[in-house]
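Structure first, then comments.
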Amino acid sequence: MALKKSRTEMPVQDPEVRKSNFDEVALGYTEEMALEEASRCLNCKKPFCVDGCPVSVRIPEFIKLITEKKYQEAINVVKSTNSLPAVCGRVCPQELQCESKCILGRRGEPVAIGRLERFVADWEMEHGNAEVPEIKPNGKKVAIVGAGPAGLTCAGDLARLGYDVTIFESLHEPGGVLIYGIPEFRLPKDIVRREVDYVKSLGVKIETSFIIGRTMTIEELFDNGFEAVFIGSGAGLPMFMRIPGENLNGVYSANEYLTRINLMKAYKFPEFDTPIVSGKKVAVVGAGNVAMDAVRCALRLGAEKAMIVYRRGREEMPARAEEIHHAEEEGVEFHLLTNPVQILGDEKGWVKGMECIRMELGEPDKSGRRRPVPIQGSEFVMDVDTVIMALGTSPNPILVQTTDGLDAHKWGGLITQSEAGRTTKSRVWAGGDAVTGSATVILAMGAGKAAAKNIHEYLESGKTDW
Amino acid sequence: MNEILKKRVLTPVTKEIVVSAPRIARKAQPGQFVILRVSEEGERIPLTIADFDREEGTVTLVYQEVGYTTRLLGKLETNDSIMDLAGPLGLPAELPEKGRVVAVGGGVGVAPLLPKCKELHRRGIELISIIGARSSDLVILEDEMRACSNELHICTDDGSRGFKGFVSDKLKQMFETGLNPDEVDEVIAIGPIPMMKATCAVTKEFGVKTWVSMNPIMVDGTGMCGACRVTVGGETKFACVDGPMFDGHLVDWDEAWRRANSYREQEHIANERCRCGGEH
């Protein structure tokens, strides 16, 4: 059989239809599509794709099981190293990870690993009974701060090893950014809940509305018999530009905008109680995944013009390729090499415009991307009524403020002393955005996994030197 | 968890509930608040902790039924539970160890003022309190305030009780007629934004340091969303993690007022539904 150079397309909702609903955009493979795509995998002896995966999913192995129609076995293989496959199949930047290493990518398109991962995860939800591995309790208690991707992964791995794990979550619902940040149309919340339920089925306890640092300190966790603590508290603090007009009514942080919509379901107001004011002409400042999520939400909330405003160029946009593509299909406008200077308000203090300046790219900066430089005299006013700042986030200071010996960098990220996430405080590990600042779900999961392994090694060793 | 143990009607629109919340009571300090949610569809709202009892494991909350969520909360009775209750949040109030303090409370703002007054009283501080409301039937927590104050003055806008006028007017009158501003270490003013603004105008004139407690719109209450931005001394602060207490002379009051009214239209829609009996 001749090898197909191009991958099997995944059906999506029509852009014209989907831009006014919150239903999932990408519809997933049918069984036929999955079989067709799985058959493209060469099952390499030395699979580079696995090296590209932060949680080392045994990719060729699960894909081979798909070709044999052994879907339950396939998902079991995925889940043995990845507690959140239905999430990862949807939100991982595979083009930069596993798929970027696929040998087929040299001559054509790489195997659509993410879509296949999603297929087996969804297959299990529909047909299978999530199989819970046999666990032998070891009687040791570990506390996890934050029920996001890092915390859930760390918890799942430790529970499988027999630990008595409790996750403490500050919001009323577990999931972290998967619940409050990523919109329904990209990651349905039912799927997040089922993944959380799976982690619970491993014996993990989750305490919601429980703020470590306020309701209980890390020191008190140790007093309560926990032998190790993993901090996966994310990067909760939104950044602003510090330009005039940022506190006008109608200016949101992307965190607030998305939390109102996703966690609080403001898009269903007044059926749900939390309101949102999203205008007809919405500018989202930034071009990462969060910015794409926000701008596509704005469309769905009735914006006639939904715009990305970004100070660098197209090549520099940090969002996943698929998100940018989907946003373009839905009619989002991209105002690149454009940077806000101030936000203008009307007499009642609501946003009525945004003054911007045009930029050009200069020499590369520290990040290796070409530095944007303002073009003098190129200021102009954009006609907008809502502005959403999606500039990234920094870690929440509550834990550092309330924990002696837990040190952070000046910008807020927790200082770690090893790849495994040991912090400056004994028996406290950390990983994910709390350490790196805003990054991706899968990197946070990788960090949670590495920490779980190291926590296990440390507690197994019986050492008390740290 | 979060069971309502006692409920007291303070005025036709103000209620006090004592809630079983041992974890929060154990850590609560004057000045801190909780975030609560009353139903699956509910919004998250902040309420300042009006009192706490570590032994009993309770926190006391006082609220005015002005918005949709506080109305729903008002429908909960003894033995009902609050769905989600998180806290204690915010920085504890920095209270002086000695000296003389004037506490000024307007409307339901007397409730968050009370735990600070109790703590000041415990520390042996001389406390002069001024509390007020629109009319006499809306004055709350008078006995509790009297118990911890050396002097208590009551004001009503309509003159139906005590001094006729705003609490800020009363404070001004006191400064003008005998209370030496130099002998007042600080003023703590809590209440609606116009009341705190007016009080700060008076204390600025007389040069007395003034703390206020901001109660802006919040979603998570832990620093995540930035809805609670307040400009203080030209800098943007998050009331939930940098406050809620700020130097009242540095707060941008007009911005705070504007932001507090961001969802007025939506509140109207929600309240209409509440009145029509549109239950969840």
Side-chain angles (χ1 to χ4, degrees), chain A residues 169-173 177 180-181 207-211 213-217 220 233-240 242 246-260 263-266 268-277 345 348-350 389 393-398 401-402, chain B residues 1-2 23-24 26-27 32 34-45 67-69 72 83-91 217 219-231 235-236 238 241-242 252 254-259 261-263 265-267 269-270 272-273 278 280:
Chain A
E169 166 58 43
S170 69
L171 292 172
H172 57 261
E173 193 168 348
V177 73
Y180 76 75
E207 295 263 15
T208 52
S209 297
F210 200 117
I211 303 115
R214 290 269 179 253
T215 317
M216 194 180 270
T217 62
E220 289 168 320
S233 51
L237 219 60
M239 292 188 213
F240 287 90
R242 296 168 183 267
E246 248 177 336
N247 291 345
L248 286 165
N249 292 5
V251 182
Y252 286 100
S253 72
N255 258 9
E256 181 187 354
Y257 188 78
L258 291 172
T259 300
R260 283 180 182 273
L263 177 71
M264 307 309 299
K265 305 265 178 282
K268 295 185 180 170
F269 181 87
E271 182 195 333
F272 280 69
D273 301 345
T274 303
I276 193 161
V277 178
K348 287 185 175 157
W350 285 85
M389 293 293 178
T393 49
S394 59
N396 192 301
I398 291 179
Q401 282 168 2
T402 57
Chain B
M1 223 165 45
N2 310 336
R23 296 191 309 216
I24 299 173
R26 204 171 56 82
K27 302 287 281 188
Q32 293 188 298
V34 292
I35 291 267
L36 62 83
R37 204 169 70 111
V38 284
S39 73
E40 276 300 337
E41 298 82 13
E43 61 180 332
R44 295 165 64 95
I45 62 158
Y68 184 69
T69 300
L72 288 183
M83 179 173 270
D84 299 304
L85 190 65
L89 293 162
L91 298 175
I217 293 168
V219 184
D220 65 291
T222 62
M224 203 183 85
C225 80
C228 64
R229 306 200 286 291
V230 180
T231 301
E235 267 183 68
T236 295
F238 288 5
V241 287
D242 301 322
D252 182 337
D254 294 340
E255 179 188 280
W257 177 245
R258 177 164 57 62
R259 291 185 63 81
N261 289 298
S262 301
Y263 295 98
E265 242 175 82
Q266 287 75 13
E267 273 168 34
I269 296 170
E272 278 300 310
R273 184 169 53 126
H280 287 304

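In what follows, chains are A, B, ... by sequence order, proteins preceding strands, each numbered from 1.
Using a 4.5 Å cut-off between heavy atoms, A/I211 contacts chain B through its side chain alone, with no backbone atom that close. Contacts between A/T215 and chain B at a heavy-atom distance below 4.5 Å involve backbone atoms as well as side-chain atoms. Residue A/R242 does not touch chain B at all, counting heavy-atom pairs closer than 4.5 Å. Heavy atoms closer than 4.5 Å to chain B are found in the backbone of A/K348, but not in its side chain. For A/E207, the part sitting under 4.5 Å from any heavy atom of chain B is the side chain, from C-beta outward, and nothing else. For B/I45, no part lies under 4.5 angstrom from a heavy atom of chain A. Residue B/L36 does not touch chain A at all, counting heavy-atom pairs closer than 4.5 Å. In this structure, chain B has no heavy atom under 4.5 Å from any part of A/Y257.
B/Q32 contributes a side-chain N or O that, together with a main-chain N or O of B/G90, makes up a donor-acceptor pair within less than 3.5 Å. Side chain of B/R44 to backbone of B/D220: a donor-acceptor contact under 3.5 angstrom is found. Judged purely by atom type and a 3.5 angstrom limit, A/S253 uses its side chain to pair as donor or acceptor with the backbone of B/C225. With hydrogens and angles disregarded, a donor-acceptor distance shorter than 3.5 Å links the side chain of B/R259 to the backbone of A/N247.
Ion pairing between a basic and an acidic side chain is recognised when a charged N comes within 4.0 Å of a carboxylate O; B/R37 and A/E173 show no such pairing.
Of the listed residues (A/L258, A/V277, A/T393), the one with the most heavy-atom contacts under 4.5 Å to chain B is A/V277. Of the residues considered (B/V219, B/V230, B/T231, B/D254), B/V219 shows the highest number of contacts with chain A, using heavy-atom pairs under 4.5 Å. Counting heavy-atom pairs closer than 4.5 Å to chain B, the top-ranked of the candidates A/N255, A/N249, A/T274 is A/N249. With respect to chain B, the highest number of heavy-atom pairs below 4.5 Å among A/G234, A/A266, A/G250, A/S209 belongs to A/S209. Comparing B/I24, B/V241, B/T236 by heavy-atom pairs within less than 4.5 Å of chain A, the highest count is held by B/T236. Of the residues considered (B/E235, B/E43, B/E265), B/E43 shows the highest number of contacts with chain A, using heavy-atom pairs under 4.5 Å. Of all the listed residues (B/K27, B/R258, B/R26), the one sharing the greatest number of non-hydrogen pairs under 4.5 Å with chain A is B/R258.
Between A/S170 and A/I398, every side-chain heavy-atom pair lies at or beyond the 4.5 Å cut-off. Residues A/L237 and A/P397 meet the side-chain proximity criterion, which asks for heavy atoms closer than 4.5 Å.
Under 3.5 Å, the side chains of A/E220 and A/T217 contain a donor-acceptor pair of N or O atoms.
Closest approach of B/R229 and A/V251 over heavy atoms only: NH2-O, 3.1 Å.
Atom CG of B/L91 sits about 6.5 Å away from atom CD of A/Q401, to the nearest 0.5 Å.
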